[in-house]
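Since the structure comes first, as structure tokens, the remarks are kept for the end.
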Amino acid sequence: MARFIDELKRSHTCGELRLSDVDAEVVLMGWVQRTRDRGGVIFVDLRDRDGLTQVTFDKSEDEAAFTIAGQLRSEYVIAVRGTVRDRGEQRNDKMPTGGIEVVGHEVEILNTAKTPVFPIQEEVNATEETRLAHRYLDLRRPILQRNLRMRAKAYHATRNVLAEHGFIEVETPYLVKYTPGGARNFLVPSRSPGNFYALAESPQLFKQLLMVAGYDRYFQIVRCFRDEDLRGDRQPEFTQIDIEMSFVNQDDVFSICEKLVFRLWKEVLGVDLSERYPDGTFPRLRFEDSMRLYGNDKPDRRFDLHHTDLTALTVEHAGGGIGMLEPLAAKFADGTYRVDLPEEIVKAMRVPADHPMSRKQVDELEAYVKTMGAKGLGRAKVGDDGAWTQSPFAKQVTDGFRLAVNEACGAQPGDLILLMFGDEQLVHTCMANLRLKLGKDLGLIPGFGSGDDWNLLWVVDPPLFERGEQKDTWVAAHHPFTRPHDACVDSITSDPGTVLCHRYDLVLNGVEIAGGSIRLHDSEVQAKVFSAIGLSEEEAKEKFSFLLEGLQHGAPPHGGIAFGFDRLAMLLTESESLRDVLAFPKTARGNDLMTGAPGPVDDRQLADLKIKTV
RNA sequence: GGGACGGUAGUUAAGUUGGUUAUAACGCCGGCCUGUCACGCCGGAGGCCGCGGGUUCGAGUCCCGUCCGUCCCGCCA
């Protein structure tokens, strides 16, 4: 029988002993963080998931233990029996357990360890590549242990809140039928020749059918799979808190989400969001306003630096003397472009005088927008008399246009006006990212993390359709089962671009943390939507057969939402990347550097699946 | 699919206009030290400079290709 493990049980963790435990006989187990050999005495910092405790071995008092202690190396797994002693003058205020030490009377090496590839400590001093290849070591680091424990708290809080509100947790299939459109699916071959499963992008269709089936309130913490290019905040498999509710409108969905977020912040961070949102709701911003002011649908409103749309002014002034703007203005004047659905726009952003920018800095901003496909970035420094200097437009611009632009931007002497024009989407992308970059560069928000500022808002009332690749065609902006505003139903076929819908995103500090919609359960309106996106009845049936069929069997009015759980965890833990809140994440190319996935398989496997590689 | 940056001892990095034997810190190994706590002191080992090709008398350094990592655009109904 083993002395430790079987006979001597662990009595404490390495993070809990205090001065009040002095003289206690304890048994600790854990990993060797570091040893300090002073000759006649050896100090060992012992680590487990709760912390560090110093264990001391004295040659003159416990020679057998001292001899073993001399053999200890980093990351050896050991068990120690000893007595808690007051460190007196020698205490270490940097450690929670620093008031005491354990005098080791008996020690056993439970397992040796190879020299770690990188040291296990708070500060990262290895590249992410090295860390990912040895993830089991990286996961020993206190910061990742903390992140995953906070994530576990968030799971727990989520289940509690939703269960309290009558939600039923139901699992749905991961292996599903492939449906075209949307994100690229991961495919899973089956032994039926030529037939494949797809890994579910989300439980969207299933959760709607659960509403049809009368489950009324469903939720699931569920893995989703999308075979698209990755980012710091996008993994090929990710976790959603998936929610669907029957007999509800948009406000009802918002209400449950607000309760969930309040509880998450309370239970995971101890932060009371009601200090900031006393009525328990988050502000709402119309999609159109979000695009106009910030250039995207997930604005970070911890700082201002909003955009000013100058399209109408440009048209009014016929380009304002600026040669490059004249063709654009002309297209509005002759009716090629619609003012309410512009294909090209002119936007400006005012950088206030208290953030002076050098010519070189503005050049860098221009280089930055060019990496996103912009042709250039207009600029004008506003002088005391409102004149433009340091600007390529200074000599061309008419006085009227210049003054109108200054006024529209609220520009004061010393301010800098940054200007972009052209394709609507390109201008929005560039100007939105430019705003964020400036926010960070000027120190208005931190490079990542909340800065203790939790700015939540709903972005509501987006258009149901967006332009397709072909001229004058439309596609569903989200999915074609989103309910349009009642007032817009007549426009679905006559003027699709103007139709708004009951879709919504919850945005926190510039990150979309949830998105959903009220669903379309009325088959007449549904038919109009399909028609607007050029989908025949037959095609629609083929694409969404079981959902359409189900919706015809007494579907209640319903709607729902899905939270990006990993992103929530990332924000709650103040992490820079999703990879820091996942135990075993993949790289930007979708590789697992530890396991080597994806990797080749045996020919035998492929033969069983009737698959040939090329 | 497009772009930017990076890949050099176990780890993190430096490496000049191409030029002797490729540096440093930490880690590792050996020795010394009874109060350290990023312990200290002495000594030592450790390299396919991502991979392949090219230019050159000579390549870590220049050129082409390729793989890998990070980020951005596109993409993510």
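Since the structure is predicted, the reported quantities are computational estimates derived from the model, not experimental observations. Sequence lines set the chain letters: A, B, ... in the order given, protein chains first and strands last, and positions in each chain run from 1.
Geometrically, A:R567 does not engage A:F238 in a cation-pi contact, judged by NZ or CZ lying under 6.0 Å from the ring centre and within 45° of the ring axis. Figure legend: A:K347 and A:F421 shown without cation-pi pairing, the cationic atom not lying both under 6.0 angstrom from the six-membered ring centre and within 45 degrees of its axis.
A:G98 comes within 4.0 angstrom of no nucleic acid atom, judged by non-hydrogen atoms across all strands.
Comparing B:rU11, B:rG35, B:rU34 by their closest approach to the side chain of A:Q90 singles out B:rG35. For A:L593, counting side-chain heavy atoms from C-beta on, the closest listed nucleotide (B:rG74, B:rG30, B:rG69) is B:rG69. Checking B:rC73, B:rG69, B:rG10 against the side-chain heavy atoms of A:N433 singles out B:rC73 as nearest. Side-chain atoms of A:R234 lie closest to B:rC76 of the nucleotides B:rC76, B:rC68, B:rG27. Of the candidates B:rG35, B:rU34, B:rU70, the closest approach to any side-chain atom of A:R85 belongs to B:rG35. Comparing atom distances between the A:A588 side chain and each of B:rU70, B:rC76, B:rC37 picks out B:rU70 as nearest. Counting only heavy atoms from C-beta on, A:T429 has its side chain closest to B:rG74 among B:rC28, B:rG74, B:rG69. The side chain of A:T587 lies closest to B:rU70 when the candidates are B:rU70, B:rA13, B:rG30. The side chain of A:R579 approaches B:rU70 more closely than any other nucleotide in the set B:rU36, B:rC72, B:rU70. Out of B:rC76, B:rC68, B:rG74, the shortest distance to the side chain of A:R231 is found at B:rG74.
What separates CG of A:D229 from P of B:rC76 is a distance of 11 Å, to the nearest Å. Going from atom CD of A:Q425 over to atom P of B:rG74 covers 8 Å, rounded to whole Å. Atom pair A:Q54:CD and B:rU36:P shows a separation of 10 Å (rounding to whole Å applied). The separation between A:L578 atom CG and B:rC76 atom P is 19 Å, rounded to whole Å.
Nucleotide B:rC76: unpaired (no Watson-Crick or G-U wobble partner with both distances less than 3.5 Å). In this structure B:rG43 sits in a base pair with B:rC29, meeting the Watson-Crick or G-U test at under 3.5 Å. Under the Watson-Crick and G-U wobble criteria, each requiring two contacts below 3.5 Å, nucleotide B:rG69 is paired to B:rC5.
Aromatic ring centroids of A:Y178 and A:F196 lie 6.0 Å or more apart. Proximity of the aromatic rings of A:F57 and A:F43 is defined here by a centroid distance below 6.0 angstrom, and this criterion is not met.
Pairs engaging residues 584-598 of chain A under the salt bridge (charged side-chain N to carboxylate O under 4.0 Å, His left out) rule: A:E237-A:K586 [sequence neighbours left out]. Screening residues 421-433 of chain A for salt bridge (charged side-chain N to carboxylate O under 4.0 Å, His left out), with sequence neighbours left out, gives no hits. Sorted by first then second residue, the salt bridge (charged side-chain N to carboxylate O under 4.0 Å, His left out) pairs that include residues 66-77 of chain A, not counting sequence neighbours, are A:R47-A:E75, A:E75-A:R140.
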Which donor-acceptor pairs under 3.5 Å do side chains of residues 199-206 of chain A form with protein atoms, sequence neighbours excluded?
{"from": "A:E201", "atom 1": "OE2", "to": "A:N185", "atom 2": "ND2", "distance (Å)": "3.3"}
{"from": "A:S202", "atom 1": "OG", "to": "A:Q204", "atom 2": "N", "distance (Å)": "3.2"}
{"from": "A:Q204", "atom 1": "NE2", "to": "A:Q208", "atom 2": "OE1", "distance (Å)": "3.1"}

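The aromatic ring of A:F118 is not stacked on the base of B:rU11, since the criterion of ring centres less than 5.5 Å apart with planes inclined by under 30° is not met.
Within residues 129-147 of chain A, the residues that have a heavy atom under 4.0 Å from RNA chain B are, in order of number, A:E129, A:T130. Near RNA chain B, meaning a heavy atom under 4.0 Å from it, residues 30-39 of chain A has A:R34, A:R36, A:D37, A:R38, A:G39 in order of number.
Taking only side-chain nitrogens and oxygens, A:N125 never comes nearer than 4.0 Å to OP1 or OP2 of B:rC26.
The two residues A:E366 and A:L377 make their nearest non-hydrogen contact at OE2-N, 3.1 Å. Nearest heavy-atom pair, A:R135 versus A:F584, reported as atom, atom and distance to 0.1 Å: CG-CD2, 3.7 Å.
A distance of about 13 Å separates the P atoms of B:rC64 and B:rG3, rounded to the whole Å. B:rU23 and B:rU8 have their C1' atoms separated by 10 Å, with the value rounded to a whole Å.
No N or O donor and acceptor, one from the side chain of A:E228 and one from the base of B:rG74, sit under 3.5 Å apart. Residue side chain A:D58 reaches the base of B:rU34 through a donor-acceptor N/O pair under 3.5 Å, judged by distance alone.
Atom CD1 of A:I243 is separated from atom SG of A:C257 by 5.0 Å, given to the nearest 0.5 angstrom.
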